Amino acid sequence: MPAFTRRQLVVLLLLTLVWGLNWPVLKISVADFPPLTFRALSLALSVPLYLLVLRQQRLPLTIARVHWRQLGWLALWNMVLWNVLMILSIPRLASGRAAILGYTMPIFSAVLGQLLFRDRLGLRAWAGVSAAAAGVLLLLANEMGNLGGSASGVALMLAAAACWALGTQLLRRSALALPLITLTLWMTLLTVAVLAVLAWLLESGSWHWPGAVTVFGIVYNAVLALAFAQVAWFYLARTLPPVASTLSVMMIPVIGVFAGSWWLGEALHWQDWSAMALIVLAIASVLRPARAAPRP
């Protein structure tokens, strides 16, 4: 397991804060606004920011036609399915519990890596996965009764996490020689197109002008959770082994749980505190540098 560079640690810290705080932001933003429309608007407003960065850094905008199929495949698993399934689950779940379920992704990623790509995970990596899984189960333990009434929300979020996990594995193995901003821009455009169609088909009868809270959520998502954090995540996913990149963001649901408690009044239990310790242990398992082998 390689050590993180200083740049990777800074990116990880900022990503964790932005995405962790975004869970209660999502919850309040779609409380009285169509969720697919909200997500489509957020994604669409992030596009000009990507274009601005591309222009300033003089990076290529176009993608060769030979890469379109692979681009579509990566967009499907990394962004389209995640965004659709995740945002549909948000109104059905407490923000903290949505974050927990969404971040079962590292567990799915480790299992998929083993089954589909023959990844060989060391003892420390499996210990981290096990600690993260135990933390997720603890956080869900006292919510099983409530979740029973939100079975569709649970199923949607777990499906979203599984899709994101597969997308992360595919992105890590992608041979596309493209700048991250260019890749993110085109995946975002494809996702906007899909969400716009779904929003028109499923939510056109409930469209209305967003209120101040929803506008704040759209701006927060467009600028921070998407334009910044999405690129930051793709950077970590491309430059780190899958198990390291996925387990390293396990602090995000912890922030989501406690932000939801502070902001939205969602109750905390002993499971929350115990799970935080386990998740910190999981993070430590990948952040701690491996000891060098002794020289002969």
Side-chain angles (χ1 to χ4, degrees), residues 10-31 33-53 75 78-91 93-103 105 156-157 160-161 163-164 167-168 171 180-181 183-192 194-196 199 210 212-237 245-246 248-260 262-264:
V10 170
V11 170
L12 173 61
L13 175 62
L14 294 175
L15 171 67
T16 300
L17 290 173
V18 169
W19 271 357
L21 294 174
N22 194 41
W23 290 99
V25 170
L26 288 172
K27 183 68 177 179
I28 62 174
S29 298
V30 300
F33 195 77
L36 290 170
T37 303
F38 167 84
R39 198 60 173 175
L41 288 172
S42 301
L43 285 159
L45 288 178
S46 71
V47 169
L49 300 175
Y50 295 135
L51 290 171
L52 181 62
V53 173
N78 279 284
M79 291 193 66
V80 174
L81 291 173
W82 162 259
N83 279 283
V84 171
L85 297 170
M86 177 275 298
I87 203 62
L88 287 176
S89 74
I90 291 295
L93 297 169
S95 67
R97 300 307 176 242
I100 297 161
L101 289 165
Y103 280 84
M105 183 273 284
L156 286 167
M157 189 58 83
C163 292
W164 182 18
T168 299
L171 183 65
L180 279 174
I181 299 290
L183 180 62
T184 307
L185 168 66
W186 284 102
M187 287 199 287
T188 300
L189 287 171
L190 290 172
T191 307
V192 169
V194 173
L195 263 70
V213 171
T214 301
V215 169
F216 166 76
I218 291 172
V219 173
Y220 183 97
N221 274 263
V223 177
L224 295 176
L226 293 167
F228 165 72
Q230 192 69 67
V231 178
W233 166 250
F234 287 155
Y235 163 71
L236 293 177
S245 60
T246 53
S248 64
V249 296
M250 280 301 294
M251 197 65 184
I252 292 173
V254 175
I255 293 178
V257 167
F258 288 97
W262 169 71
W263 196 347
L264 305 179

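Every value quoted in this text rests on a predicted model; they were computed, and no experiment measured them. For the numbers below, each heavy atom of this structure counts, side chains included, while hydrogens, waters and symmetry mates do not.
- For S95, the side-chain hydrogen bond (donor to acceptor under 3.5 Å, both in side chains) test picks out E266, with sequence neighbours left out.
- Taking CG of L264 as the start and CH2 of W23 as the end, the distance is 13.5 Å to the nearest 0.5 Å.
- Between A98 and I90, the closest heavy-atom pair is CB-CD1, 4.0 Å.
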Output a table of donor-acceptor pairs, distance under 3.5 Å, between side-chain atoms of residues 249-256 and any protein atom two or more places apart or on a different chain; print 'none' if there are none.
none

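- Atom CG of residue N78 and atom CD of residue Q230 lie 7.5 Å apart, to the nearest 0.5 angstrom.
- Counting non-hydrogen atoms of other residues, nucleotides and ligands closer than 6.0 Å to CH2 of W186 gives a total of 12 or fewer.
- V194 meets the side chain to side chain contact (heavy atoms under 4.5 Å, CB included) test with V80, L198; sequence neighbours excluded.
- Summarising the geometry of T191 relative to M79, their closest heavy-atom pair is OG1-CB, 3.3 Å, with the distance given to 0.1 Å.
- The minimum heavy-atom distance between L195 and A40, with the atom names listed, is CD2-N, 3.7 Å.
- I87 approaches P35 most closely through the heavy-atom pair CG1-O, 3.4 Å.
- Listed by chain and residue number, Y50, L180, I181, T184 satisfy the side chain to side chain contact (heavy atoms under 4.5 Å, CB included) test with V231 (two or more places apart in sequence, or in another chain).
- Nearest heavy atoms, A222 versus L49: O-CD1, 3.8 Å.
- Remark: S42 pairs with F38, I218, N221, L226 by the side chain to side chain contact (heavy atoms under 4.5 Å, CB included) rule, at least two apart or across chains.
- The minimum heavy-atom distance between S29 and T214, with the atom names listed, is O-OG1, 3.0 Å.
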Q: Could you walk me through whether V18 and N22 pass side chain to side chain contact (heavy atoms under 4.5 Å, CB included), step by step?
A: CA-CA 6 Å; V18 169; N22 194 41; 5.6 Å; no
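- For N83, the side-chain hydrogen bond (donor to acceptor under 3.5 Å, both in side chains) partners are R39, not counting sequence neighbours.
- Relative orientation of the W164 and W233 rings is perpendicular, given thresholds of 30° and 60° on the angle between their planes.
- For the pair M187 and F234, the minimum side-chain heavy-atom distance is below 4.5 Å.
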Q.
Apply side chain to side chain contact (heavy atoms under 4.5 Å, CB included) to residues L21 and L224 and explain how you reach the verdict.
A. CA-CA 10 Å; L21 294 174; L224 295 176; over 6 Å; no
